[in-house]
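The structure appears right after this line, and notes come after that.
For this chain, numbers begin at 1 and follow the sequence in order. Just so you know, ligand 1 is whichever comes first in the structure, and atom 1 is the first atom listed for that ligand.
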Amino acid sequence: MQISTNTSLKPYHSFASDEHAKFFTNIINEQDVVAVSNWAKENNTPILIIGSGTNMLFTTNFNGLVAKMEIMGIKKITETASDVILEVGAGENWHHFVMYCVHKGWGGLENLSLIPGTVGASPIQNIGAYGVEVEACINSVTAFDLLNGAFTTLKNEACLFKYRSSLFKQQPNRYIITSIQFQLKKQPILKTDYGVIRDVLHEKNIKNPSLADISNAIIQIRSNKLPDPSKIGNAGSFFKNPTISIDKYNLLKENFPGLIAYPISDIEYKIAAGWLIETCGWKGVKKGNVGCYEKQALVIVSYGIISGKEVYDFSAEIIQTVFEKFDIQLEREVNVY
Ligand code: FAD
Ligand code: NAP
C-alpha cells in the first residue's frame with residue numbers, strides 16, 4: 001500500500017474543487033482494505049472511502065486518509081432458468097456494469113442506466129431513478145467492518161434500505177464495501193410507469209420494449225436534462241425530496257396549485273424538491289462560479305474554479321428561502337465533508 005501526503009482531491013470528485021487529503025491511497029484488493037484499516041489505527045487517523053466522488057462535497061481539507069476504491073471484477077455465482085447471481089467488485093463503474101447486464105439480457109437495473117459512480121457506492125444511498133431502487137436487485141453486500149476489524153456479508157434485510165438511505169449511510173464511518181451480490185432476472189418485468197419513459201417509447205413508436213430500449217430511453221432523457229459531471233461540476237440532486245404529512249400537503253396545494261408531489265402512503269406525500277427550489281426563483285441563478293442548473297433546479301453546478309465552501313454556502317441560501325416560503329426544511333443528499 002502506497003500512501004501519498006497532502007494530495008489534491010480535485011481529480012477525484014465531480015465538483016472538482018481543490019481541497020486536499022492529508023493522506024491518500026488506493027485500494028485494489030481485500031489485503032489493501034486490511035492494510036488501510038491497520039495503518040489508520042496505528043496512526044490514529046480517520047478513513048474516508050471515495051469511489052468516483054460524484055456524491056461528495058469537500059468544504060475543507062480532509063485531515064485523515066482518503067482511500068480510493070478500485071476493487072474490480074464481475075463473477076457469475078449461479079445461473080438458473082430464471083435468475084443470475086453476480087458478484088461485483090466495489091470499484092467497478094456503475095453504468096458499465098448496468099450496460100453489461102443489459103447486453104446479457106439480465107433485467108432489473110436498466111432504469112438505473114447512466115447514474116455516475118461505482119458499484120460499491122450504489123447501496124450507500126440506495127441509488128434510485130425512474131421508479132427503481134438498487135435494493136430490489138441486491139442479495140448481499142460484503143464489507144470490512146472497521147468497528148469489529150473483520151469482513152462481513154450483510155443480507156439485503158440487514159442493509160436497512162430506505163429511500164436514499166441504508167445502514168451504510170446511517171453509520172458512515174463503519175463499513176468499507178468491497179463487493180456486492182446482485183440477483184437479476186432473465187424474464188424481467190419492465191418498469192415503464194414513470195411518465196417520461198412512456199413518452200420517449202411512444203415517440204419512438206416502441207410498443208414492446210426490450211431491456212435495451214428502456215436503457216436507451218433513460219440514457220436519452222438523462223443526457224438531455226442532467227449536466228455531464230465530466231464537463232460541468234455537480235453531484236446530481238443536491239437535496240432529498242422531502243416527505244410531508246397529508247394535512248400539510250393539502251394546505252400547500254391550496255396555496256400553490258402547481259405543487260408537484262406524489263403520495264407515498266395513506267398519510268404522507270413526497271414533494272419534488274426541484275419544484276420548491278424553482279418556485280423560489282433559483283433555477284438558472286448564478287453567484288460567482290456556483291449556480292442552480294438551468295434545466296433542473298435540484299442540481300447545483302460549478303461553472304469554473306470554486307471552493308466546496310462556496311457550494312455549501314449557496315446550498316444554505318436555497319435551504320433558507322425554501323424554508324421561508326414553504327415551511328419545509330430541505331436536507332442535503334450530497335455527503336458533505
Ligand atoms: P462517492 O461520491 O465516491 O461516495 C459517496 C459516499 O459513499 C461517500 O460517503 C463515500 O465515503 C461512500 N463510499 C463510496 N464508496 C464506498 C465503499 N466502497 N465503501 C464504503 N463507503 C463508500 N444518485 C441516485 O441515487 N440516483 C440518480 O439518478 C443519480 N443521478 C446522478 C446524476 C449525476 C449527474 C450525478 C453527478 C450524480 C447522480 N447521483 C444519483 C448521485 C451519485 O451518482 C450516486 O450517489 C453514486 O452512487 C455515487 O457513487 P460514487 O462512486 O461516485 O460515490
Ligand atoms: P423528474 O422526472 O423531473 O421528477 C421530479 C421528482 O418527482 C423526482 O425527484 C421524482 O422522485 C418524482 N417523480 C416523478 N415522477 C414520478 C412518479 N411517476 N412516481 C413517483 N415519483 C415521481 O426528476 P429528474 O430530476 O428528471 O430525475 C429523474 C429520475 O432520476 C428521478 O427518479 C430522480 O430521483 C433520479 N435522479 C437522481 C439524482 C440524484 O442525484 N439522486 C440525480 C438525477 C436524477 P424520485 O426522485 O423519488 O424518483
Side-chain angles (χ1 to χ4, degrees), residues 9 12-15 27 33 36 47-58 62 66-71 89-95 111-134 141-146 163-166 168-169 171-180 191-199 218 221-243 260-264 269-276 278 293 295-301 333-337:
L9 293 169
Y12 300 112
H13 69 112
S14 56
F15 267 119
I27 290 176
V33 174
V36 159
I47 301 170
L48 177 63
I49 304 298
I50 194 164
S52 304
T54 63
N55 202 14
M56 289 179 143
L57 178 71
F58 292 96
F62 187 75
V66 173
K68 182 163 163 49
M69 176 52 66
E70 292 180 341
I71 297 178
E92 288 285 344
N93 176 278
W94 174 259
H95 178 63
N111 288 41
L112 305 180
S113 297
L114 213 63
I115 296 184
T118 52
V119 165
S122 66
I124 301 207
Q125 71 160 14
N126 185 18
I127 57 170
Y130 304 98
V132 171
E133 288 174 334
V134 72
V141 173
T142 297
F144 188 81
D145 182 348
L146 290 162
Y163 174 68
R164 298 294 188 271
S165 182
S166 68
F168 314 107
K169 182 108 182 179
Q171 298 193 25
N173 302 316
R174 180 161 174 188
Y175 296 100
I176 301 179
I177 295 174
T178 51
S179 69
I180 298 174
K191 281 227 163 193
T192 56
D193 38 344
Y194 206 94
V196 271
I197 304 181
R198 271 201 313 265
D199 296 346
I218 281 166
I221 298 162
R222 295 185 72 105
S223 307
N224 286 335
K225 190 169 178 187
L226 295 166
D228 176 348
S230 68
K231 298 191 179 116
I232 301 178
N234 77 94
S237 305
F238 203 91
F239 305 98
K240 290 184 196 169
N241 288 321
T243 297
I260 300 180
Y262 297 86
I264 51 170
Y269 270 77
K270 174 181 73 183
I271 309 293
W275 182 87
L276 297 172
E278 189 176 341
Y293 194 52
K295 294 186 191 171
Q296 168 52 295
L298 197 47
V299 181
I300 296 183
V301 290
E333 182 175 299
V334 170
N335 301 282
V336 177
Y337 301 96

Should the proximity of L226 to ligand 2, defined as any heavy atom under 4.0 Å, be assigned to the side chain, the backbone, both, or neither? side chain
Using a heavy-atom cut-off of under 4.0 Å, does the side chain or the backbone of F168 touch ligand 1, or both, or neither? neither
Regarding ligand 1, does G53 bring an N or O atom to under 3.5 Å of one of the ligand's N or O atoms? yes
Judging by distance only, is a nitrogen or oxygen of D193 under 3.5 angstrom from one on ligand 2? no
On a heavy-atom basis, which atom in K225 and which in K295 lie closest, and how many Å separate them? O-CB, 3.6 Å
Which residue supplies the protein heavy atom nearest to atom 45 (O) of ligand 1, what is that atom called, and how far is it? N55 ND2, 3.0 Å
Where the closest heavy atom to atom 18 (N) of ligand 2 is concerned, which of Y262, F239, Y130 has it? Y262
At what distance is the nearest protein heavy atom to atom 9 (O) of ligand 1, and which residue and atom is it? Y337 OH, 2.6 Å
Are any of the side-chain heavy atoms of Y194 and V132 separated by less than 4.5 Å? no
Contacting atoms of ligand 2, where contact means under 4.0 angstrom from a heavy atom of E333: 39 (C), 40 (O), 41 (N)
With respect to I177, which candidate in V119, T118, I49, V141 satisfies the side chain to side chain contact (heavy atoms under 4.5 Å, CB included) definition? V141
Side-chain (S166) to main-chain (P123) donor-acceptor, under 3.5 angstrom: yes
What protein heavy atom sits nearest atom 42 (C) of ligand 1, and how far away is it? T54 OG1, 3.4 Å
Which residue owns the protein heavy atom closest to atom 5 (C) of ligand 1, what's the atom, and how far is it? N335 ND2, 3.7 Å
Would R174 and D145 pass as an ion pair if we require N to O under 4.0 Å? yes
Check whether any side-chain heavy atom of L226 lies under 4.5 Å from a side-chain heavy atom of L114, and answer yes or no. no
Give a yes or no on whether the backbone of Y163 and the side-chain of N126 come within a donor-acceptor separation of less than 3.5 Å. no
Atom 29 (C) of ligand 1 sits nearest the protein heavy atom R222 NH2, 3.6 Å
Heavy-atom contact under 4.0 Å between P227 and ligand 1? yes
Of all the non-hydrogen atoms in the protein, which one sits nearest to atom 3 (O) of ligand 2, and at what distance? K225 NZ, 2.7 Å
Heavy atom of the protein closest to atom 39 (N) of ligand 1 (residue, atom name, distance): I115 CG2, 4.2 Å
Residue, atom name and distance, where the atom is the protein heavy atom closest to atom 11 (O) of ligand 1: I49 O, 2.6 Å
Hey, does E333 come in under 3.5 Å of ligand 1, counting only N/O atoms on both sides? no
Short side-chain to backbone donor-acceptor contact, K270 and N241, under 3.5 Å: no
Suppose we measure from atom 45 (P) of ligand 2 to each protein heavy atom; which comes out shortest, and what is that distance? K270 NZ, 3.5 Å
Can an N or O of I177 be found at a distance shorter than 3.5 Å from an N or O of ligand 1? yes
Using side-chain heavy atoms (C-beta onward) and a distance below 4.5 Å, is Y293 in contact with I232? yes
For S122 against V134, the heavy-atom pair lying closest together: O-CG1, 3.4 Å
Would you tell me which option among G274, A272, S237 has the nearest heavy-atom contact to atom 39 (C) of ligand 2? S237
Heavy-atom distances under 4.0 Å are what count here, so tell me which part of P172 touches ligand 1: side chain, backbone, both or neither. neither
Considering non-hydrogen atoms of the protein only, which is the closest contact for atom 35 (C) of ligand 2, and what is the distance? A129 CB, 3.7 Å
With the side chain counted from C-beta on, respond yes when I71 and V33 share a heavy-atom pair under 4.5 Å apart, and no when they do not. yes
Nearest non-hydrogen protein atom, atom 22 (C) of ligand 1: I124 CD1, 3.2 Å
What I want to know is whether G128 and ligand 1 share at least one N or O pair that is separated by under 3.5 angstrom. yes
Taking atom 43 (O) of ligand 1 as the point of reference, which of P116, G233, G117 owns the nearest heavy atom? P116
Given side chains that start at C-beta, do those of S165 and Q125 come closer than 4.5 Å, heavy atoms only? no
Less than 3.5 Å between some nitrogen or oxygen of N234 and one of ligand 1, yes or no? no
Report yes or no: does a heavy atom of L298 sit under 4.0 Å from some atom of ligand 2? no
Counting N and O atoms only, with roles assigned by atom type, does the side chain of K68 sit under 3.5 Å from a partner on the main chain of G51, one being a donor and the other an acceptor? yes
Closest to atom 14 (C) of ligand 2 (judged by heavy-atom distance), picking from Y163, F238, Y194: Y194
Between I127 and R164, the two heavy atoms sitting closest are C-NH1, 4.5 Å
Close N or O approach (G51, ligand 1; < 3.5 Å): yes
Short question: side chain of W275, backbone of A261 - any donor-acceptor pair under 3.5 Å? no
Atoms of ligand 2 close to N241 [distance to a heavy atom under 4.0 angstrom, numbered from 1]: 8 (C), 9 (O), 11 (O), 45 (P), 46 (O), 47 (O)
Heavy atoms only: which of Q296, E133, R164 lies closest to atom 24 (P) of ligand 2? Q296
Give a yes or no answer on whether the side chain of S14 reaches the backbone of N234 with a donor-acceptor pair at less than 3.5 Å. yes
Return the minimal non-hydrogen interatomic distance between L48 and F58, and the atom names on each side. CD2-CE2, 3.6 Å
